[in-house]
Amino acid sequence: MTVPRTESADAEQDSWLGASGFTASFDDDAFDDLGEQLLAEPPHPINWNLLTTEEAEVAWIELNRWVNWLRRTYGLPASIIPPLWHRHPELVWELSALHLHWLSAYDPDQHGSAPFGWHRDFADARSRLHDWVASSGTRLDRDRPTRQTAWPGEPPADPIDDAPIADREADFVEFVVIDLEQRRLHGN
């Protein structure tokens, strides 16, 4: 799930983006409105490693919308959900699991106490998210890939530099477009 950071989308990527139809999925409403879910089936766990290109596109947009709603609704600081959470697999997996739990807890067929259980588990998840963010080094205004520890016999890890965050939404779109293209190239 590693997608390399690029300075900016080049002209070829821009033309592919326009031709792919992905831009239609990334309008302003796609990021904030939870009134309509993109998923037409009951929620199920997401294994990001196995998603097809089409499944990944829907999953990324749905998760991004929900994360934006979550951080605003609960006033979560960047030390819990940083702007470039999508570039950190440990945060993607945690937030994806939390999203599934929320969908299940607020399902109309769920028991009335399910939201209380979600909030209890949300408190635990916030602690884990804080730990993940602290160890990754991502911040409100800058980001760096999560540090990797080389085990004995492995080549040393590449040096890691902080990169400023100029436009979070543009970075998310670029990240997802690259992820979808990699999935397409690998036959997913």
Side-chain angles (χ1 to χ4, degrees), residues 1-18 20-39 46 48 51 53 55-100 102-103 122 125-148 158 160-183:
M1 191 174 85
T2 302
V3 176
R5 179 185 310 276
T6 61
E7 290 295 319
S8 65
D10 60 9
E12 181 178 312
Q13 183 181 11
D14 286 344
S15 66
W16 176 81
L17 176 62
S20 71
F22 291 133
T23 53
S25 300
F26 293 112
D27 60 13
D28 289 339
D29 293 336
F31 295 111
D32 297 323
D33 181 20
L34 291 178
E36 271 187 54
Q37 291 186 350
L38 298 174
L39 304 175
I46 294 176
W48 290 92
L51 294 179
T53 304
E55 292 167 339
E57 181 179 11
V58 171
W60 278 121
I61 294 169
E62 192 74 18
L63 184 59
N64 188 60
R65 286 186 349 175
W66 184 79
V67 168
N68 277 334
W69 171 86
L70 182 72
R71 72 181 181 83
R72 289 181 179 131
T73 300
Y74 291 92
L76 300 173
S79 63
I80 295 177
I81 300 179
L84 298 191
W85 59 266
H86 55 277
R87 289 197 173 272
H88 298 272
E90 65 277 25
L91 298 175
V92 171
W93 288 94
E94 183 79 31
L95 290 166
S96 184
L98 190 59
H99 180 218
L100 173 64
W102 181 84
L103 288 170
F122 179 41
R126 284 193 315 269
S127 177
R128 286 191 304 274
L129 286 164
H130 185 272
D131 290 348
W132 290 123
V133 171
S135 68
S136 73
T138 187
R139 302 284 182 263
L140 179 62
D141 61 344
R142 63 189 187 286
D143 185 62
R144 68 171 176 238
T146 301
R147 295 182 192 278
Q148 300 295 316
D158 293 332
I160 296 176
D161 294 321
D162 286 0
I165 300 173
D167 183 341
R168 188 266 173 211
E169 295 299 331
D171 186 89
F172 178 78
V173 171
E174 181 180 358
F175 176 89
V176 171
V177 166
I178 292 169
D179 178 64
L180 298 177
E181 181 61 17
Q182 286 178 347
R183 289 172 190 277

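Hydrogens, waters and symmetry mates play no part in the numbers below; they use all other heavy atoms, side chains included. Position 1 is the first residue of the sequence; numbering continues from there. Quick caveat, the model's predicted, so the values are computed rather than measured.
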**OP:** Considering non-hydrogen atoms only, spot the tightest contact between V133 and L91 and give its length.
**Re:** CG2-CD2, 3.9 Å
Subject >> CG-CG distance between L84 and D171, expressed to the nearest 0.5 angstrom >> reply: 4.5 Å
Subject >> side-chain contact (heavy atoms from CB on, under 4.5 Å) against L98, all qualifying residues, sequence neighbours excluded >> reply: W66, L70, W118, F122, A125
Subject >> Verdict with reasoning, H86 to N64, per side-chain contact (heavy atoms from CB on, under 4.5 Å) >> reply: CA-CA 8 Å; H86 55 277; N64 188 60; 5.7 Å; no
Subject >> Residues that R71 engages under side chain to side chain donor-acceptor pair (under 3.5 Å), provided they are two or more places apart >> reply: N68
**OP:** Under the ring pair (Phe, Tyr, Trp, His ring centres under 6.0 Å) rule, what do W102 and W69 come out as? Steps first, then yes or no, please.
**Re:** CA-CA 12 Å; W102 181 84; W69 171 86; 5.0 Å; yes
**OP:** Could you pull out the closest heavy-atom pair between I165 and L140, with the gap in Å?
**Re:** CD1-O, 3.6 Å
Original post:
Can you name the residues that form a salt bridge (Lys or Arg N to Asp or Glu O under 4.0 Å) with R142, not counting sequence neighbours?
Top reply: D162
Subject >> With T146 via side chain to side chain donor-acceptor pair (under 3.5 Å) - residues at least two apart >> reply: H88, E90
Subject >> Gap separating the CZ atom of F172 from the CG atom of D167, nearest 0.5 angstrom >> reply: 13.0 Å
Original post:
Can you list every pair that meets salt bridge (Lys or Arg N to Asp or Glu O under 4.0 Å) and has a residue in residues 130-139, with sequence neighbours left out?
Top reply: none
Original post:
To the nearest 0.5 Å, how far apart are CZ in R128 and CG in L95?
Top reply: 10.5 Å
Subject >> Residues in side-chain contact (heavy atoms from CB on, under 4.5 Å) contact with A97, at least two apart in sequence or another chain >> reply: none
Subject >> V177 side chain near E181 side chain, heavy-atom distance below 4.5 Å >> reply: no
Original post:
To the nearest 0.5 Å, what is the distance between NE2 (H130) and CG (L76)?
Top reply: 11.5 Å
Subject >> Counterpart residues, side-chain contact (heavy atoms from CB on, under 4.5 Å), relative to A56 (two or more places apart) >> reply: L51, W60, D179, L180, R183
Original post:
Can you tell me how far CD1 of I81 sits from OG1 of T138, rounded to the nearest 0.5 angstrom?
Top reply: 12.0 Å
**OP:** List in chain and number order the residues that pass side chain to side chain donor-acceptor pair (under 3.5 Å) with Q148, two or more places apart in sequence or in another chain; answer none if no residue qualifies.
**Re:** none
